[in-house]
> 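First the structure, then my questions, so here it is.
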Protein chains: 2
Amino acid sequence: MPAQQAASPARSRILAAAETLFYDRGITAVGVDLIAEHSGVTKRTLYNQFGSKARLVAAYLAERDRRWRDLVREAVDRCEDPADAVTAPFDALRTWNAASPRGCAFINALAELPDPAHPAHRVAEDQKRWLLGLFRDLAAAAGCAEPDALATRLLVLHEGTLATGPLPFDTLPDTVDLARRLVRADV
Amino acid sequence: MPAQQAASPARSRILAAAETLFYDRGITAVGVDLIAEHSGVTKRTLYNQFGSKARLVAAYLAERDRRWRDLVREAVDRCEDPADAVTAPFDALRTWNAASPRGCAFINALAELPDPAHPAHRVAEDQKRWLLGLFRDLAAAAGCAEPDALATRLLVLHEGTLATGPLPFDTLPDTVDLARRLVRADV
DNA sequence: TGGCTGGTTCACCGATCAGTATACCTAGGA
DNA sequence: TCCTAGGTATACTGATCGGTGAACCAGCCA
């Protein structure tokens with residue numbers, strides 16, 4: 001299926017059901033029968049579209065990653081000051097977190113699927129690698145002295161707020177504040 | 001069973017097998033049959049000891065928490081300078097992380113078990129609450145101006161390095177360095 | 001000696017798991 | 001008109017899931 005071509009309606013419905021079910025209840029805990037039922041589709045169709053549960057999981061993560069990158073890029077593009085742009089992913093995180101009370105779908109997927117050969121691993125690692133690279137590029141563009149070290153620290157702060165999201169502490173404001181101060185101190 | 005009394009040898013063996021299997025392969029992916037087999041014990045005995053898989057999971061996390069707190073307390077006690085003590089949990093993290101390539105067992109457990117009523121939730125939340133409180137107390141003892149905000153930020157850094165542990169980036173050195181600078185700047 | 005405790009062996013329960021087989025239906029294009 | 005692609009419906013596989021029932025056995029203490 002070329003990227004341009006629209007996905008079949010059945011495929012879209014399966015993917016939508018998979019996204020909510022996998023994220024809300026966990027990947028291992030959700031069976032393919034349940035996803036087929038929730039998307040109003042036969043299990044046969046599901047397997048014709050995705051081939052296996054593992055590939056469906058990878059597709060679910062890839063779709064989620066796509067939506068998330070769009071949100072981050074929007075937040076970055078909205079900034080006029082290059083220094084503000086460096087912490088723009090944290091603004092996106094505020095929106096994203098509100099709809100994601102169960103933490104980071106990619107970290108959760110790695111937690112559930114230990115096998116490094118599982119196709120979900122590539123997707124999850126690529127997502128974090130992309131964010132780290134984005135932080136580095138934005139930091140360099142803003143004229144930071146140590147873009148690599150700064151990017152690593154921003155990534156850790158980002159993942160830390162995501163990871164503590166499901167916990168009953170509100171860590172976001174203090175973290176965003178710290179991220180901004182780090183950038184300004186390094187410019 | 002009182003706390004003083006030694007656990008039965010069967011119970012200890014079950015718990016040991018559960019620790020490695022649950023952490024390495026995931027909680028949902030590991031069945032009670034497998035744990036019974038690895039600990040050289042009957043499933044009947046396992047259920048006599050723990051009652052249900054959910055309680056066995058909670059016991060596994062509680063045992064892991066106990067070992068981890070011991071490690072952290074040791075690291076704190078080793079410090080002479082109160083300012084160094086604030087970041088002592090990060091020294092413990094270096095040791096801990098080396099044996100824990102699959103990230104934080106407690107975060108992973110929350111990822112796999114969405115039901116807030118699951119007994120594992122209490123254990124996991126208590127673990128993070130304890131660490132947050134420890135950071136606050138250590139910061140206050142070191143004379144920090146804003147112990148609450150500092151503790152939140154240190155917790156986020158701590159969870160961030162744990163969460164990025166399974167990823168192919170080395171985030172620990174930059175993070176520990178940042179944590180130390182934060183403490184010194186706030187003293 | 002007798003009873004209790006903690007452990008054993010083994011068979012079993014209904015439900016669910018990922019994945020497949022077979023056959024039928026239907027809309028669209030050549 | 002016929003073929004094909006994508007979908008449906010239903011039934012099925014063997015394995016595994018969490019959890020239970022029943023009978024038995026060895027050591028320990030009174």
Side-chain angles (χ1 to χ4, degrees), chain A residues 1-2 4-19 21-22 24-61 109 111-115 117-121, chain B residues 1-19 21-61 109 111-115 117-121:
Chain A
M1 183 193 65
Q4 268 74 357
Q5 188 177 334
S8 88
R11 187 184 176 93
S12 305
R13 264 166 28 225
I14 295 167
L15 219 38
E19 273 211 65
L21 287 172
F22 279 151
D24 290 344
R25 310 193 193 179
I27 293 169
T28 316
V30 167
V32 287
D33 299 79
L34 188 65
I35 293 177
E37 188 192 327
H38 268 66
S39 47
V41 144
T42 321
K43 202 158 57 152
R44 184 81 262 187
T45 303
L46 190 154
Y47 273 91
N48 283 342
Q49 286 290 339
F50 295 95
S52 70
K53 183 183 178 181
R55 283 210 282 273
L56 173 58
V57 170
Y60 140 65
L61 289 177
E112 287 204 66
L113 311 167
D115 180 11
H118 194 290
H121 272 247
Chain B
M1 186 192 66
Q4 268 73 358
Q5 189 176 334
S8 87
R11 186 184 178 95
S12 304
R13 258 158 42 216
I14 295 168
L15 218 40
E19 272 212 65
L21 287 172
F22 279 152
Y23 182 75
D24 290 343
R25 310 193 193 180
I27 293 168
T28 316
V30 168
V32 287
D33 298 79
L34 188 65
I35 293 176
E37 187 191 327
H38 268 65
S39 47
V41 145
T42 321
K43 202 156 59 148
R44 184 81 263 189
T45 304
L46 190 153
Y47 275 91
N48 283 342
Q49 285 290 339
F50 296 94
S52 71
K53 184 184 180 182
R55 283 209 282 273
L56 173 59
V57 171
Y60 141 65
L61 289 176
E112 286 205 67
L113 311 167
D115 180 10
H118 194 290
H121 272 248

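No experiment lies behind these values; they were computed from the predicted model shown. Quick note on labels: first sequence line is chain A, next is B, and so on, each numbered from 1.
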> Okay, side chain of B/Glu112, backbone of B/Thr28: is any donor-acceptor separation there less than 3.5 Å?
yes
> Taking side-chain contact (heavy atoms from CB on, under 4.5 Å) as the definition, give me every residue that meets it alongside B/Ser12, ordered by chain and number, with sequence neighbours left out.
B/Ala7
> Quick one: which protein N/O atoms are closer than 3.5 Å to N/O atoms of nucleotides 3-8 of chain C? Pair and distance per line, please.
residue, atom, partner, partner atom, Å
C/dG7, OP1, B/Ser8, OG, 2.9
C/dG7, OP2, B/Gln49, NE2, 2.8
C/dT8, OP2, B/Thr45, OG1, 2.4

> What are the two closest heavy atoms between A/Ala59 and A/Phe50, and how far apart are they?
CB-CE2, 3.8 Å
> Taking all non-hydrogen atoms of both residues into account, name the closest pair between B/Leu56 and B/Ala18 and its distance.
CD1-CB, 4.2 Å
> Between B/His38 and B/Ala16 (side chain of the first, backbone of the second, donor and acceptor by atom type, cut-off under 3.5 Å), is there such a pair?
no
> Each nucleotide N or O in nucleotides 15-18 of chain C that has a protein N or O under 3.5 Å away: list the pair and distance.
residue, atom, partner, partner atom, Å
C/dA18, OP1, A/Lys53, NZ, 2.7
C/dA18, OP2, A/Val32, N, 2.9

> Go through the steps to decide whether B/Ile35 and B/Phe22 satisfy the test side chain to side chain contact (heavy atoms under 4.5 Å, CB included), and finish with yes or no.
CA-CA 9 Å; B/Ile35 293 176; B/Phe22 279 152; 3.4 Å; yes
> How close or far is atom P of D/dT20 from atom CZ of B/Phe50, stated in whole angstroms?
16 Å
> Verify, without hydrogens or angle tests, whether A/Thr42 (side chain) and A/Thr45 (backbone) share a donor-acceptor contact under 3.5 angstrom.
no
> Can a donor-acceptor pair be found, under 3.5 Å and without considering hydrogens, that links the side chain of B/His118 to the backbone of B/Ala58?
no
